[in-house]
Protein chains: 2
Amino acid sequence: MTRTAGSKGEKTLSALREAGLKRLYRQGFSGMTLRELAGDVGIQAGSLYNYFRNKQDFLYQVMVTVMEDILTEMEEKLRGTRTPREALMAYVDCHVSFHSSRNREVLISTMELRSLTPENYQKIVALRDQYEGQFRKILEWGNKEKSWKVPDAQVATKLILGMMTSVGTWYKPGGRYKISDLILIYQDMIDNLLHNEVSAHALDPALMESRLTRQILKQ
Amino acid sequence: MTRTAGSKGEKTLSALREAGLKRLYRQGFSGMTLRELAGDVGIQAGSLYNYFRNKQDFLYQVMVTVMEDILTEMEEKLRGTRTPREALMAYVDCHVSFHSSRNREVLISTMELRSLTPENYQKIVALRDQYEGQFRKILEWGNKEKSWKVPDAQVATKLILGMMTSVGTWYKPGGRYKISDLILIYQDMIDNLLHNEVSAHALDPALMESRLTRQILKQ
DNA sequence: CCTACCGATCGGTAGG
DNA sequence: CCTACCGATCGGTAGG
């Protein structure tokens with residue numbers, strides 16, 4: 001069997017990434033030892049340095065991948081939305097979906113910010129700011145278009161992102177609700193939150209029927 | 001000057017607790033070294049063992065204190081509430097207040113669950129379940145009294161507690177909003193969430209005026 | 001509360 | 001990718 005050049009090394013690399021995620025999640029950055037990580041993929045500790053420059057670099061790679069992945073997904077979902085409300089619903093969809101399906105990685109990315117060197121910290125925080133900024137821009141766009149009235153977009157962003165992000169702390173795959181259910185719940189909650197007293201004509205009719213909280217909380 | 005018996009040791013003990021909180025928050029349990037902790041309070045590493053049996057015991061003491069404090073505060077706030085809605089508002093008040101003012105300790109208590117020995121883990125999780133159970137009981141009480149209709153109290157508890165808890169991740173003292181503002185926002189959000197389509201007669205008139213989200217998000 | 005110390009283990013490197 | 005190793009440092013203990 002001919003082997004693709006570098007295929008073995010790439011298998012090890014992706015195994016390292018998967019094993020690293022588990023260990024970072026269960027033990028944290030300083031609690032995870034490189035000897036354990038090497039053991040997970042069947043190599044010796046010294047051999048790890050063929051895959052990353054040092055332990056810090058490994059953490060950084062994990063975190064930058066998470067941020068780039070969610071930024072890419074978000075960009076795709078937002079492309080083609082034509083109203084603030086469509087954009088809002090797309091953002092909620094993407095955010096809840098990512099934070100549920102990849103909750104382990106997301107939690108690591110928040111908890112281990114403190115373990116980054118100052119240089120790496122700055123880079124990751126810049127990506128996080130960019131991600132958060134996209135939400136704030138949607139809120140401000142809706143203000144301008146009179147889709148809703150959010151006087152303090154800065155704090156509203158923190159508040160709404162926070163309530164969505166928390167889904168990652170309690171969602172368990174195979175539990176009572178599918179991710180698609182959770183998306184509908186959060187979309188409806190946030191939709192109601194923003195449109196509570198706003199005249200209906202500003203709203204997108206396609207999204208008007210409230211599938212919201214009633215579906216899960218009240219049905 | 002006569003010194004109260006043990007006063008020096010108690011000063012050191014409370015200094016250790018404060019320094020420990022900072023280090024646990026910034027470095028995590030396995031990242032914090034006992035030599036650093038000893039240095040913070042001006043003693044040698046070996047002397048720490050006059051204050052706790054070992055590092056694990058120190059973490060456990062920190063976490064059990066947080067849980068006992070919030071359970072005590074909650075018990076006091078809930079005592080004397082006469083309707084499900086009053087109880088709900090009291091719970092939100094206490095939860096948001098505690099998770100804002102003592103956010104560092106609360107975040108430690110969540111992140112470092114993984115660092116506890118199995119025996120200590122069980123004890124802390126039992127306290128957390130008790131705390132969470134109090135909220136679920138309020139939801140179920142409101143169901144029975146027809147204050148609201150929450151078909152899945154289990155998941156609603158996770159969802160609503162999650163959105164409240166997230167305030168601890170972004171609240172900064174001295175920021176744009178006081179804790180008392182945040183309490184009003186969350187009370188209103190959750191109040192609206194539960195009463196969205198419920199006839200008004202079930203609601204407590206004293207709490208009827210919606211101070212909610214409109215105050216901050218829309219005024 | 002200190003000095004002095006223990007065994008264990010860590011991240012990382014040299015040289016294949 | 002391995003063997004063999006380095007200096008540094010860790011949590012914890014003995015004996016005052």
Side-chain angles (χ1 to χ4, degrees), chain A residues 3-24 26-63 108 112 114-121, chain B residues 3-24 26-63 108 112 114-121:
Chain A
R3 212 167 64 189
T4 315
S7 84
K8 180 71 178 311
E10 297 204 354
K11 246 186 203 165
T12 305
L13 184 59
S14 71
L16 274 177
R17 197 184 138 80
E18 178 55 28
L21 286 179
K22 274 191 189 135
R23 295 222 171 259
L24 285 171
R26 289 196 277 206
Q27 305 168 281
F29 178 67
S30 57
M32 169 192 93
T33 78
L34 295 181
R35 279 163 176 82
E36 292 170 330
L37 181 62
D40 290 337
V41 302
I43 64 177
Q44 297 300 312
S47 305
L48 288 173
Y49 292 83
N50 291 308
Y51 296 94
F52 45 77
R53 286 189 300 118
N54 51 42
K55 197 186 179 189
Q56 167 72 209
D57 186 57
F58 180 70
L59 174 63
Y60 177 70
Q61 292 305 331
V62 166
M63 289 179 66
I108 292 168
E112 300 301 347
R114 65 185 177 198
S115 302
L116 292 171
T117 59
E119 304 80 45
N120 288 340
Y121 178 85
Chain B
R3 212 167 65 189
T4 315
S7 85
K8 180 71 180 309
E10 297 203 354
K11 247 186 203 165
T12 306
L13 185 60
S14 71
L16 274 177
R17 196 184 139 81
E18 179 55 28
L21 286 178
K22 274 192 189 133
R23 296 224 170 258
L24 285 170
R26 290 196 276 208
Q27 305 170 284
F29 178 67
S30 57
M32 169 192 92
T33 77
L34 295 181
R35 278 164 178 80
E36 291 170 330
L37 181 62
D40 290 337
V41 301
I43 62 177
Q44 296 301 311
S47 306
L48 288 173
Y49 292 83
N50 291 308
Y51 297 94
F52 45 77
R53 284 190 302 120
N54 51 41
K55 198 186 179 189
Q56 166 72 208
D57 186 56
F58 180 71
L59 174 64
Y60 176 70
Q61 292 305 333
V62 166
M63 291 178 65
I108 292 168
E112 300 302 347
R114 65 185 176 197
S115 302
L116 292 170
T117 59
E119 304 80 44
N120 288 340
Y121 178 85

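Treat the numbers as computed from the prediction; the structure is a model and nothing was measured. Lettering follows sequence order; numbering is per chain, from 1.
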Sugar-phosphate, base or nothing in reach of B:Y51, heavy atoms under 4.0 Å
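B:Y51: backbone/sugar contact only, no base atoms under 4.0 Å.
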Taking the minimum atom-to-atom distance to the side chain of [X], which one of [options] wins?
{"X": "B:R35", "options": "D:dC1, D:dT13, C:dC5", "result": "C:dC5"}
{"X": "B:S47", "options": "D:dT13, C:dC1, C:dT13", "result": "C:dC1"}
{"X": "B:I43", "options": "C:dG12, D:dC1, C:dC2", "result": "C:dC2"}
{"X": "B:Q44", "options": "D:dG12, C:dT3, D:dC1", "result": "C:dT3"}

From [atom1] of [X] over to [atom2] of [N], roughly how many Å is that when rounded to an integer?
{"X": "B:Q27", "N": "D:dG11", "atom1": "CD", "atom2": "C1'", "answer": "15 Å"}
{"X": "B:N50", "N": "D:dG16", "atom1": "CG", "atom2": "P", "answer": "16 Å"}
{"X": "B:N54", "N": "D:dG12", "atom1": "CG", "atom2": "P", "answer": "5 Å"}
{"X": "B:F58", "N": "D:dC10", "atom1": "CZ", "atom2": "C1'", "answer": "17 Å"}
{"X": "A:K55", "N": "C:dT13", "atom1": "NZ", "atom2": "P", "answer": "14 Å"}
{"X": "B:Q56", "N": "D:dG12", "atom1": "CD", "atom2": "P", "answer": "9 Å"}
{"X": "A:E36", "N": "C:dA8", "atom1": "CD", "atom2": "C1'", "answer": "14 Å"}
{"X": "A:L37", "N": "C:dG11", "atom1": "CG", "atom2": "C1'", "answer": "13 Å"}

Report yes if some heavy atom in the side chain of [X] is under 4.5 Å from a heavy atom in the side chain of [Y]; otherwise report no.
{"X": "B:Q61", "Y": "B:R17", "result": "no"}
{"X": "B:V62", "Y": "B:F52", "result": "no"}
{"X": "A:L37", "Y": "A:F58", "result": "yes"}

Please confirm whether the shortest side-chain N or O distance from B:T12 to OP1 or OP2 of C:dC1 is below 4.0 Å.
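Yes, B:T12 has a side-chain N/O under 4.0 Å of OP1/OP2 on C:dC1.
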Hunt down the Watson-Crick or G-U wobble partner of D:dG15, both distances under 3.5 Å, from any strand shown, or write none.
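WC or wobble partner is C:dC2.
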Paired nucleotide for C:dT9 [Watson-Crick or G-U wobble; both distances under 3.5 Å]:
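Answer to the pairing question: D:dA8, which forms a Watson-Crick or G-U pair with C:dT9.
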Could you report the tightest heavy-atom contact between B:S115 and B:L59, atom names first, then the distance?
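Smallest interatomic distance, heavy atoms only, reads CB-CD2, 3.8 Å.
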Could you report the tightest heavy-atom contact between A:M32 and A:Q27, atom names first, then the distance?
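Of all heavy-atom pairs spanning A:M32 and A:Q27, the closest is N-CB, 4.0 Å.
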